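These numbers come from the heavy atoms of this one structure, side chains and all, not from hydrogens, waters or symmetry mates. Keep in mind it's a predicted model, so treat the numbers as computed, not measured. Residue indices begin at 1 and follow the sequence shown.
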Amino acid sequence: WGLPYFESMSVGCPIVSSDLKFAREACGDAALYSDPDNYKTFAKNCVDIITNNTLRSSLAAKGRERIKFLEGVLDTYYKLNPEFSLNGGK
């Protein structure tokens with residue numbers, strides 16, 4: 001569910017997303033959120049990212065930090081539960 005968000009954040013791409021629980025869990029404060037039923041807010045957020053260099057840079061930096069945080073969480077999880085790691089605990 002969160003792979004497009006994670007991929008975007010990892011390369012510094014700012015995110016505009018619908019304001020849904022899973023999106024907030026994935027992105028934290030590294031995205032702009034819009035009511036999924038309000039296309040005007042979504043469009044405004046897109047224009048803001050395109051036209052505001054400071055906002056765009058800030059979201060990109062927050063996204064890279066969010067990825068570092070999530071990598072740390074996963075590393076800890078896999079150390080505690082090696083059977084769930086990608087290498088099967090090896």
Side-chain angles (χ1 to χ4, degrees):
W1 54 263
L3 289 178
Y5 295 121
F6 301 149
E7 291 171 345
S8 296
M9 289 187 290
S10 71
V11 296
C13 182
I15 297 170
V16 175
S17 175
S18 293
D19 191 2
L20 302 170
K21 183 178 179 179
F22 75 87
R24 285 197 176 267
E25 289 173 353
C27 299
D29 67 347
L32 294 181
Y33 299 98
S34 305
D35 178 343
D37 296 322
N38 186 341
Y39 72 90
K40 290 181 181 180
T41 303
F42 190 89
K44 180 190 177 310
N45 284 341
C46 290
V47 169
D48 288 347
I49 282 179
I50 292 167
T51 60
N52 185 329
N53 291 336
T54 303
L55 175 63
R56 185 172 55 251
S57 296
S58 173
L59 290 173
K62 287 178 181 180
R64 286 190 213 91
E65 288 301 312
R66 182 76 177 162
I67 287 296
K68 288 179 188 174
F69 167 76
L70 293 171
E71 286 173 343
V73 169
L74 285 175
D75 286 346
T76 301
Y77 178 78
Y78 290 142
K79 286 177 185 172
L80 296 172
N81 302 285
E83 66 274 15
F84 295 116
S85 71
L86 296 176
N87 65 9
K90 297 176 183 173

Same cluster or not: are [X] and [Y] linked, directly or through other Ile, Leu, Val, Met, Phe, Trp or Tyr residues, by side-chain heavy atoms under 4.5 angstrom apart?
X: V16; Y: F22; answer: no
X: V11; Y: F6; answer: no
X: L32; Y: F42; answer: yes

**OP:** Please name all residues satisfying side-chain contact (heavy atoms from CB on, under 4.5 Å) with S18, sequence neighbours left out, ordered by chain then number.
**Re:** L20, P36
Subject >> With sequence neighbours excluded, residues passing side-chain contact (heavy atoms from CB on, under 4.5 Å) with N38 >> reply: D35, K40, T41
**OP:** Mind checking side-chain hydrogen bond (donor to acceptor under 3.5 Å, both in side chains) for S17 and listing every partner two or more places apart, or none if nothing turns up?
**Re:**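 Testing S17 for side-chain hydrogen bond (donor to acceptor under 3.5 Å, both in side chains), a comparison that skips the adjacent residues, returns Y5.
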Can I get a per-line list of side-chain donor-acceptor pairs under 3.5 Å for residues 45-53, giving both atom names and the distance, sequence neighbours left out?
from	atom 1	to	atom 2	distance (Å)
N45	ND2	Y33	O	3.2
N45	ND2	S34	OG	2.7
D48	OD2	K44	NZ	2.6
T51	OG1	V47	O	2.8
N52	OD1	T54	N	3.1
N52	OD1	L55	N	2.9
N53	OD1	R56	NH2	2.0

Original post:
Between atom CG of L59 and atom SG of C27, what is the distance when rounded to the nearest 0.5 Å?
Top reply: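 Going from CG on L59 over to SG on C27, the span is 10.0 Å.
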Subject >> R64 side, atom CZ; C13 side, atom SG - distance, nearest 0.5 Å >> reply: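 If we round to the nearest 0.5 Å, R64:CZ and C13:SG are 10.0 Å apart.
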Subject >> Partners meeting salt bridge (charged side-chain N to carboxylate O under 4.0 Å, His left out) with R24 (sequence neighbours left out) >> reply: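 In terms of salt bridge (charged side-chain N to carboxylate O under 4.0 Å, His left out), with neighbours along the sequence ignored, R24 is linked to D19.
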Original post:
With sequence neighbours left out, what residues match E71 under salt bridge (charged side-chain N to carboxylate O under 4.0 Å, His left out)?
Top reply: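 E71: no salt bridge (charged side-chain N to carboxylate O under 4.0 Å, His left out) contacts found.
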Subject >> For the student: nearest non-hydrogen atoms of R66 and G28, plus distance >> reply: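 Shortest heavy-atom contact: NE-N, 3.8 Å.
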**OP:** Output yes when K68 and E65 qualify as a salt bridge under the 4.0 Å nitrogen-oxygen rule, no when they do not.
**Re:**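 Salt bridge between K68 and E65, a charged N being under 4.0 Å from a carboxylate O: yes.
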